[in-house]
Asks: 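Pasting a structure here, questions to come.
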There are 2 protein chains.
Amino acid sequence: MRAARPPFPGPGKFTPQTSGSHDIFVPDMTTQMMIELIAVLTAVRDDVPQVMTIDHGRLLPSGPLESTHRSLQAGVRAWVERQTGHPIGHVEQLYTFADHDRLLATGQGRLIAISYLALTRSHAGETGWRDWYDYFPWENSKSDAGRDCLAIIERLLCRWVADMDNAAMRVRQWQRCVSLFAIGDMVAWNDELVLQRYELLYEAGLVAEAGCTPEDAVPGQAMHHDHRRILATGMARLRAKIRYRPVVFELMPEEFTLLQLQRVMESLSGIHIHKQNFRRLIMQQQLVEETGGIEENTGGRPARLYRFCGEVRQARQFVGTKIPLFQP
Amino acid sequence: MRAARPPFPGPGKFTPQTSGSHDIFVPDMTTQMMIELIAVLTAVRDDVPQVMTIDHGRLLPSGPLESTHRSLQAGVRAWVERQTGHPIGHVEQLYTFADHDRLLATGQGRLIAISYLALTRSHAGETGWRDWYDYFPWENSKSDAGRDCLAIIERLLCRWVADMDNAAMRVRQWQRCVSLFAIGDMVAWNDELVLQRYELLYEAGLVAEAGCTPEDAVPGQAMHHDHRRILATGMARLRAKIRYRPVVFELMPEEFTLLQLQRVMESLSGIHIHKQNFRRLIMQQQLVEETGGIEENTGGRPARLYRFCGEVRQARQFVGTKIPLFQP
DNA sequence: ACCATTTATGCTCATATTGAGTATAAGCCA
DNA sequence: TGGCTTATACTCAATATGAGCATAAATGGT
């Protein structure tokens, strides 16, 4: 990924050109720092995007950065594998933040959380995997359940706005609701705004994490701390990324049909894709090549099998990808 | 910005739903952590993108996270304003990494650096501002100096590859050079790969930070530690972002002509834009509105003045922006 | 006054991309 | 066989995009 910091395999070792007081830091002993690493580990199973969790689906795999970790990424890998037994593939950093609401045991420490998005393929019969849309049912705008959930949200947001004192505020916040949740088809649904939608619901007090009672909350399972927010960040990043980088293939098996590929894209984005146009775009970009194999169990005419030919194209690196993700 | 974590102004306070041992952390006392905040503060002056520096252009504004900082962003703002006297506007997080090459004074500590991109408008006569392209002359592919620099780089990379033992490695690395620096017009120049190009030069030992002698280095001023790499990350982010979000306007004065806007886009991306098409796209997206004013000193026919009308459009938030940035 | 020069602005045109639909192929099952 | 499913090939209209032409309105020089 663009901002990744790989271990530098290059010839020269980094030699700081000392000049004064800039290269030695004196730690601030009054504050105890703690670094927590958190992973949004995602896979797709039976056309359903899933996330790895611990603690009965209430926490993302996470743990403190330890002195034995050679790097931040290594720390993430270590924690995920220790807690879930699942080795991970592609990893990229999401976001770093100071968690105001969790201090250290000493009471005056500071917790810094660094979150990562990780992608992986296989996970036959492992525990801990949960559907994305158990936590964010409204994001699955393709499904009936998603549409129902959106109808509920629309009503609740409407009430939230109506209860405001300030008229200008009412207008502004309703505008926000309309544009984020595509209420009344004034604006098209934007699948990438996962985090913004969650934040709006949080501000409106419609999620359990905001301290409301379960009856007042919107459908969707809550998580501990701000882990659902971090999951939202990961979902948003992945939805944005599959549009212009060939990351979907990290989630696909070695061989797949074009419809299988399309189904994965659709389930990740929660959006319908026009089948013929999808094939056209994938083919003309030469992202895949035929394996020669045939998938028989399609329920209809057998389909050709393809594989990602990124290894060849990795040479002329940093390929763009265009996926026809449009509105239903 | 999508991943930003604003202070939550919502009704409910975050109330963790305790369940076992997951909300209290016991700090790892064997490792001393230190958080450093680093800013890539960018402005545009006379159609030249600039970055705020300290220490005679050798360091980006930075400093440790202190217990008095209410948040990470607040810490960044505090350090930049303390070191440069310049208040900053738009801020977004870039990347977090563990700096292997700088340990704490104790010798066994760990330095975590969190970098930010910040944008600002005015800076009349302040010190510390340096041109982007003093550090990355090859990224200014629009200018003659940039083209000369690229010619030099091409020669040096060619020699670097030729000196390799392994034939397969030679092919692979030359492929990488060709695609990143658009050698021989096999591939189009991609203005967003600032970081990847810097990393390639680093691996090739062609930048001072990699420990080479000044004679062996490619043109362009070096910085201390990995600050030039962080600058590259910021440049890449900004170049990517101006294509789909209206962030350019953070760098523009209140009123501007369309040519001024185009010049800023061109200087940020280092790419030429077709004037008429640029106007067409900006106008049809209704990103700007006429102020009624006229700019007389154009050197030709006077030009209409415009202002960003994002405040209105902020309502239907998260507008996309398309800018016609293509190759020369 | 006339001209070259500069920038601003409006408009055309060929081509590429995209959304949507039609048509046919090839499997299954009753 | 007909009816269902999915696969795959093609067509067509609407847009979007890259490139250029033409005219407008300022400057300065002769």
Side-chain angles (χ1 to χ4, degrees), chain A residues 46-47 142 185 188-189 191 243-244 255-267 269 271-307 319-328, chain B residues 46-47 142 185 188-189 191 243-244 255-267 269 271-307 319-328:
Chain A
D46 299 327
D47 297 336
K142 229 179 36 171
D185 291 325
W189 173 267
D191 62 285
R243 286 167 185 264
Y244 63 96
E255 301 194 352
F256 48 84
T257 70
L258 291 184
L259 185 59
Q260 283 165 1
L261 182 63
Q262 180 184 341
R263 289 265 152 81
V264 170
M265 298 275 321
E266 288 179 326
S267 64
S269 63
I271 275 180
H272 261 117
I273 303 179
H274 184 281
K275 190 171 173 175
Q276 294 93 322
N277 292 348
F278 178 77
R279 308 177 108 261
R280 175 174 62 186
L281 221 50
I282 297 295
M283 298 308 287
Q284 83 186 16
Q285 285 178 108
Q286 298 185 287
L287 287 171
V288 298
E289 60 187 4
E290 286 189 47
T291 67
I294 295 283
E295 170 66 53
E296 299 284 356
N297 302 325
T298 61
R301 170 174 167 178
R304 297 181 201 163
L305 286 168
Y306 294 85
R307 75 165 66 88
V319 289
T321 314
K322 280 187 287 185
I323 304 291
L325 284 173
F326 52 87
Q327 315 315 326
Chain B
D46 300 328
D47 297 335
K142 229 178 39 171
D185 291 324
W189 174 264
D191 62 288
R243 286 169 185 262
Y244 62 97
E255 301 193 354
F256 48 84
T257 70
L258 292 183
L259 185 59
Q260 283 164 2
L261 182 62
Q262 180 184 342
R263 290 267 151 80
V264 169
M265 298 275 321
E266 287 179 327
S267 65
S269 64
I271 274 180
H272 260 117
I273 303 178
H274 183 281
K275 189 170 175 175
Q276 294 94 320
N277 292 347
F278 178 77
R279 308 177 108 259
R280 176 174 62 187
L281 222 51
I282 296 295
M283 298 308 286
Q284 84 187 18
Q285 286 179 108
Q286 298 183 287
L287 287 170
V288 298
E289 61 188 4
E290 286 189 46
T291 67
I294 295 285
E295 170 67 52
E296 299 283 357
N297 301 325
T298 61
R301 172 174 165 178
R304 297 181 201 163
L305 285 169
Y306 294 85
R307 76 166 66 86
V319 289
T321 314
K322 282 187 286 186
I323 303 292
L325 283 172
F326 52 89
Q327 317 315 324

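Letters A, B, ... mirror the listed sequences (proteins, then strands); counts begin at 1.
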Asks: Please answer whether the main-chain N or O of Phe278(A) pairs with a side-chain N or O of Gln262(A) as donor and acceptor at a distance below 3.5 Å.
Replies: no
Asks: Rounded to the nearest 0.5 Å, what separates atom OG1 in Thr257(B) from atom CZ in Arg304(B)?
Replies: 12.0 Å
Asks: Which distance, rounded to the nearest 0.5 Å, do you find between the CD of Glu266(B) and the CD1 of Ile271(B)?
Replies: 10.0 Å
Asks: So, Glu289(B) side chain and Arg307(B) main chain: donor-acceptor pair closer than 3.5 Å or not?
Replies: no
Asks: Taking the side chain as every heavy atom from C-beta outward, state whether Leu261(A) and Ile282(A) have any pair of such atoms under 4.5 Å apart.
Replies: yes
Asks: Nearest-Å distance, CD1 (Ile271(A)) to P (dT18(C))?
Replies: 16 Å
Asks: Give the B/S/- string for nucleotides 24-30 of chain D, one per nucleotide from 5' to 3', where a protein heavy atom under 4.0 Å of the base yields B, of only the sugar-phosphate yields S, and otherwise -.
Replies: BBS----
Asks: When all nucleic acid strands are considered with a 4.0 Å heavy-atom cut-off, which category describes Leu259(B): base, sugar-phosphate, or nothing?
Replies: sugar-phosphate
Asks: Whole Å only: how far is the CE atom of Met283(B) from the P atom of dA16(D)?
Replies: 17 Å
Asks: Roughly, in whole Å, what's the span from CD1 in Ile273(A) to P in dG19(C)?
Replies: 11 Å
Asks: Whole Å only: how far is the CD atom of Gln284(A) from the P atom of dT15(C)?
Replies: 18 Å
Asks: Check step by step if salt bridge (Lys or Arg N to Asp or Glu O under 4.0 Å) holds for Lys142(B) and Asp191(B).
Replies: CA-CA 11 Å; Lys142(B) 229 178 39 171; Asp191(B) 62 288; over 6 Å; no
Asks: Would you tabulate the nitrogen or oxygen pairs shorter than 3.5 Å linking the protein to nucleotides 10-14 of chain C?
Replies:
unit_1: dG10(C); atom_1: O6; unit_2: Gln276(B); atom_2: NE2; d: 3.4

Asks: For Phe278(B) and dT17(D), what is the distance between atoms CZ and P respectively, to the nearest whole Å?
Replies: 14 Å
Asks: Hey, is the main chain of Phe256(B) close enough, under 3.5 Å, to the side chain of Gln260(B) for a donor-acceptor pair?
Replies: no
Asks: So, does Glu295(B) use its side chain to make a donor-acceptor pair with the main chain of Asn297(B) at under 3.5 Å?
Replies: yes
Asks: Whole Å only: how far is the CG atom of Leu281(B) from the C1' atom of dT17(D)?
Replies: 9 Å
Asks: Between atom NZ in Lys275(A) and atom P in dG19(C), what is the gap in whole Å?
Replies: 18 Å
Asks: What distance do Gln285(B) atom CD and Arg280(B) atom CZ have between them, rounded to the nearest 0.5 Å?
Replies: 11.5 Å
Asks: Could you state the atom-to-atom distance from CG of Asp47(A) to P of dT6(D) in whole Å?
Replies: 12 Å
